[in-house]
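One structure below.
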4 protein chains.
Amino acid sequence: MGDFKGHILPGVFLITLGIWWTTKCVLKYAFKNQKQTSYFDPKALFCRMEMLEGIVLVGMALIGILSGQFIPGGPHLILYNYKENQWVRLLDWHHFTIYLFFGLLGVTNILCSIRSLPPSFSKLMLLNALFVEAFVFYNHTHGREVLDIFVHNLLFLAICLTALITFMELFIQAKITVELLRTSLFLLQGSWFWQMAFVLYPINGNPPWDLVDHNNIMFLTICFCWHYAIAIIITGAIYAFVTWLVKSRFTRFCPSEVELLKNAEREQDSEEEM
Amino acid sequence: MGDFKGHILPGVFLITLGIWWTTKCVLKYAFKNQKQTSYFDPKALFCRMEMLEGIVLVGMALIGILSGQFIPGGPHLILYNYKENQWVRLLDWHHFTIYLFFGLLGVTNILCSIRSLPPSFSKLMLLNALFVEAFVFYNHTHGREVLDIFVHNLLFLAICLTALITFMELFIQAKITVELLRTSLFLLQGSWFWQMAFVLYPINGNPPWDLVDHNNIMFLTICFCWHYAIAIIITGAIYAFVTWLVKSRFTRFCPSEVELLKNAEREQDSEEEM
Amino acid sequence: MGDFKGHILPGVFLITLGIWWTTKCVLKYAFKNQKQTSYFDPKALFCRMEMLEGIVLVGMALIGILSGQFIPGGPHLILYNYKENQWVRLLDWHHFTIYLFFGLLGVTNILCSIRSLPPSFSKLMLLNALFVEAFVFYNHTHGREVLDIFVHNLLFLAICLTALITFMELFIQAKITVELLRTSLFLLQGSWFWQMAFVLYPINGNPPWDLVDHNNIMFLTICFCWHYAIAIIITGAIYAFVTWLVKSRFTRFCPSEVELLKNAEREQDSEEEM
Amino acid sequence: MGDFKGHILPGVFLITLGIWWTTKCVLKYAFKNQKQTSYFDPKALFCRMEMLEGIVLVGMALIGILSGQFIPGGPHLILYNYKENQWVRLLDWHHFTIYLFFGLLGVTNILCSIRSLPPSFSKLMLLNALFVEAFVFYNHTHGREVLDIFVHNLLFLAICLTALITFMELFIQAKITVELLRTSLFLLQGSWFWQMAFVLYPINGNPPWDLVDHNNIMFLTICFCWHYAIAIIITGAIYAFVTWLVKSRFTRFCPSEVELLKNAEREQDSEEEM
């Protein structure tokens, strides 16, 4: 894992999840707002999507675990080397643990989608997965260079904020703003993994970053903010596209009276939200 | 207390409490979901269980206090040695204080179950007990080895998270997800006490852990997560078992119409929760 | 302020406030529960008490400010000595600032009781006063001995917890458990001021505490918890006494039917709370 | 930015915003309380004000960005100097990032006011802007003097508290107390920027502050509290003035029966709030 690809892979996973969750969240909101005029009931669709999401999560976790354990030089599921009396590649086991909890999240998603568990349990497992991810990364960087620790700390910060939001969502019914905040933080996490890959493992003969130069820390501080700005803009673009799509696709044939009714109701909704 | 048995004992207590609270919480949830079809009213049962719980908690606290004070070499309720002008075995008094607050929790439980106090007071005392436990453990490890401090800090983290959840529950009506999160953290606390016993006081001639080797810290980080994974799996198993038990035992003779009604209502409940 | 009396005085103030707020809170709760059977309307009484509370708070703040500024050697309202180019007794100005905000709280209480401000503003000013108190004490102990800093940190902890609870109360309607938690923390603050007075400024020729001995820190850790246990017991005693008083004084002549009705309703209330 | 004017400018912006938001919040509250008797519907007014607010915010952000980038010696939008292989004036880019997010907040405000986005999105962007501001200032003061770091940390504290309140407002419907708390913290931020300007960049030949003297830290601690006291008093004055204005201007011609009705309703409101 401690290489370029090992940071690109979770970045891909997290950005995929972030884009997917943003889309799902905006879709739900758009269908809810459209429901007076729409002839389409999305409930069965969302239920099938939950199951698919669970399966994809389990798949991602398996890919992450297997590629971490069975790469050349990986631990190959051996935790302790009794001959040399030492632990075997603990950092890989750290990643294993994180993937394991995201796998558990996938299993919970599947169980929720087939009604074996109440639907809120998948949010609970998401919180657990985020907590474990934050906890592991906090204890992950012993003895490294100051810039290496700093970029991991920024990741830790992003995960903690996501976990805090998920924690609050357990208590209080989520609104769309809160959900989009959470999903945009997932995008931030993912793109930050990519930034970490390029900072810590330069490719194509690029000169490596100076890991003890404080100016690099100063730059990565604002770089982190710019990543977040991009995450916000992507979230906004998804919001605009999905809202437009639902409006144009699912309300084509509604008569003009219904259209008027819809507008009146949307105004009311907006005011309530205000 | 500073020995193997002194860490196994609170572990047993906490795991017992964790399993018991998980069972109670799932039982309440299952009976609530079954109430349309069930001929059994669990209210009186739960009230008696509250009292029993209080008595058991007081008993546990007494066992903990007495075994800490009156073991050979214990403080025997003497706080200050005026001859030698020094405090007597303050670490034992630390444990005494923690047990004292769990005893107060037991007393509050009993008073709540006989309606002398509103029922929410037992949650308030649970918060106080957890706060005191976290506070004492935070100030407990002065001058020890780095691994000893680390395992205590992980315990402190688990207690703090439990206290935070209980604090939020004071303000916002608890849902089953939040309660199961809290009880699974109790299981984690208990099993972590056992882990601490095996790490700090090896038995049967096992070689002691190297208390200054950072690799051990790296391993215990993920070990903590694995303990939590086991706690989650135990919670899930209890959920599955209790739900199945209530469904099979208390709805045997219901006619088919009621069965259909029940299913319809359960679906509605699930959607509301969604 | 940096003497025995300077710590006893705020302790007296805080314990008075703590006992008074506990009594008021339980009184309100008891009257609310009794209102079906009681012939007594406490609204006007509570309104007058609010005003009295404000006046007493302003009085306390004035006593604190004046006794801090005009004792022999005090700053006498002089902030900067231009001759010697140095600040004049900044620690006394620290105390002045804290008393100032509690004075503002008193003024807000008076304005709320005469309806110039919404009643929730007094809670907002309480939060501000607690925040300022915590902030000042955090920056108060530069360059002192380790035990001196430790006892101030415990005070800081108690104030922060109180402020956190008050902050949450701004958002979510307070229940009696939360209010009693807050008032018991005020009792803890007050009694801890007394403990600090006896630890830092021993009187009557007692030998002073060793301010660098870690055993004293270990003892004061549990001493803090015991103070809190006493605060809880005092709160419980006030609860029992006030509940008994309201029940015996204000429901003497109610006919038996009403009595039955009342019991039924109280049961219902308890269950809802459960 | 690292000069006197560079700290006065954001101070002016923040105080303007603070006074404006306080006024808007009290106006909304006053109109809501008056709505039974008033002949004036403020909805269209508030909507136009939202748009104006957005435009002003974008304008402020542009002024901030341009004046930071194109002053003599500024980075002129060049991030990296490839000749000398070093970052160009990263501290100016820090300020750029903060202004950028406040600009995004302005854009969101405009989009919300024309109904392209739900109104709660502007609160979400405010949270993001505050988070980025806090994050950048936290990583802003590497290698400076202790007093310089201290005044920036106080700013960081004020921003964090504001962000925390905004975060809670995302979940729980804001009351006027919470909103005024937030706006008064904006006033504090603004006036603290001015204090920083005078402390770090003395003008008119004043002697500079001793940046390593701990007494100055002790003084700035209480100075921060006094700034907050002034912010509270300004907020109170705005509250009194706006309430009086709305009452006197918009209820002149209401008949006496309505007046009585109004009083009865206001009493009820006050009690509910109590």
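Owing to the predicted nature of the structure, the values given are computational and were not obtained by experimental measurement. The sequence lines fix the lettering, A, B, ..., with proteins before strands; numbering per chain opens at 1.
- With a 4.5 Å cut-off on non-hydrogen atoms, W93(D) touches chain A through its backbone and its side chain both.
- Stacking of K24(A) on the aromatic ring of F46(A) is not recorded, the 6.0 Å distance cut-off and the 45° axial limit not both being met.
- Within the 4.5 Å cutoff, side-chain heavy atoms of W192(A) are placed close to those of M196(A).
- At a threshold of 4.5 Å between non-hydrogen side-chain atoms, the residues K123(A) and T108(A) do not count as touching.
- Contact of L170(D) with chain A is made through backbone and side chain together, with heavy-atom distances under 4.5 Å.
- In this structure, no portion of I98(D) lies under 4.5 Å from any heavy atom of chain A.
- If you measure heavy-atom distances from F101(D) to chain A, the contacts under 4.5 Å come from the side chain alone.
- Put simply, the side chain of Y201(D) does not reach to within 4.5 Å of the side chain of K5(D), judged on heavy atoms.
- Side-chain atoms of E50(D) and N109(D) form no donor-acceptor pair, as typed in the model, at a separation below 3.5 Å.
- Only the backbone of S116(D) comes within contact range of chain A, with heavy atoms under 4.5 Å apart.
- Residues of residues 180-190 of chain A that come within less than 4.5 angstrom of chain D, heavy atom to heavy atom, are L180(A), L181(A) in numerical order.
- Minimum interatomic distance between C47(D) and S113(D) (heavy atoms only, all atoms of both residues): SG-O, 3.5 Å.
- Residues P75(D) and G68(D) come closest through the heavy atom pair CD-O, 3.7 Å.
- Proximity to chain A (any heavy atom under 4.5 Å) is restricted, for L79(D), to the side chain, taken from C-beta onward.
- Residues of residues 154-167 of chain D placed with any heavy atom under 4.5 Å of a heavy atom in chain A are listed by number as F167(D).
- Within 6.0 Å of CZ in F70(D) there are more than 12 heavy atoms belonging to other residues, nucleotides or ligands.
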Legend entry - Stepwise side chain to side chain contact (heavy atoms under 4.5 Å, CB included) check, V242(A) with K247(A): CA-CA 8 Å; V242(A) 171; K247(A) 207 179 282 180; over 6 Å; no
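- For the pair P118(D) and C112(D), the tightest heavy-atom approach, listed with the atom from each and the gap, is O-SG, 3.3 Å.
- Between C25(D) and I176(D), some side-chain heavy-atom pair lies under the 4.5 Å cut-off.
- Between M49(A) and W20(A), some side-chain heavy-atom pair lies under the 4.5 Å cut-off.
- Using a 4.5 Å heavy-atom cutoff, the side chains of V246(D) and N33(D) are not in contact.
- Note on ring orientation: taking the six-membered ring where Trp is involved, the planes of H7(A) and F193(A) are tilted (angle from 30° to 60°).
- Among residues 130-147 of chain D, the residues having any heavy atom closer than 4.5 Å to a heavy atom of chain A are, in sequence order, F131(D), V132(D), F135(D), V136(D), N139(D), H140(D), H142(D).
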Legend entry - Candidate pair Y99(D) and M60(D), rule side chain to side chain contact (heavy atoms under 4.5 Å, CB included), full reasoning: CA-CA 8 Å; Y99(D) 280 117; M60(D) 282 178 176; 6.0 Å; no
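- Between the side chain of Q69(D) and the backbone N or O of L77(D), at least one donor-acceptor pair lies under 3.5 Å.
- The contact list for residues 213-240 of chain A toward chain D, using heavy atoms and a distance under 4.5 Å, reads H214(A), N215(A), N216(A), M218(A), F219(A), T221(A), I222(A), F224(A), C225(A), W226(A), Y228(A), A229(A), I232(A), Y239(A) by residue number.
- Side-chain contact check for L111(D) versus F121(D): every heavy-atom pair is 4.5 Å or farther apart.
- You'll find the side chain of K28(A) stays beyond 4.5 Å of the side chain of E179(A), heavy atoms only.
- Judged purely by atom type and a 3.5 angstrom limit, W194(A) uses its side chain to pair as donor or acceptor with the backbone of I8(A).
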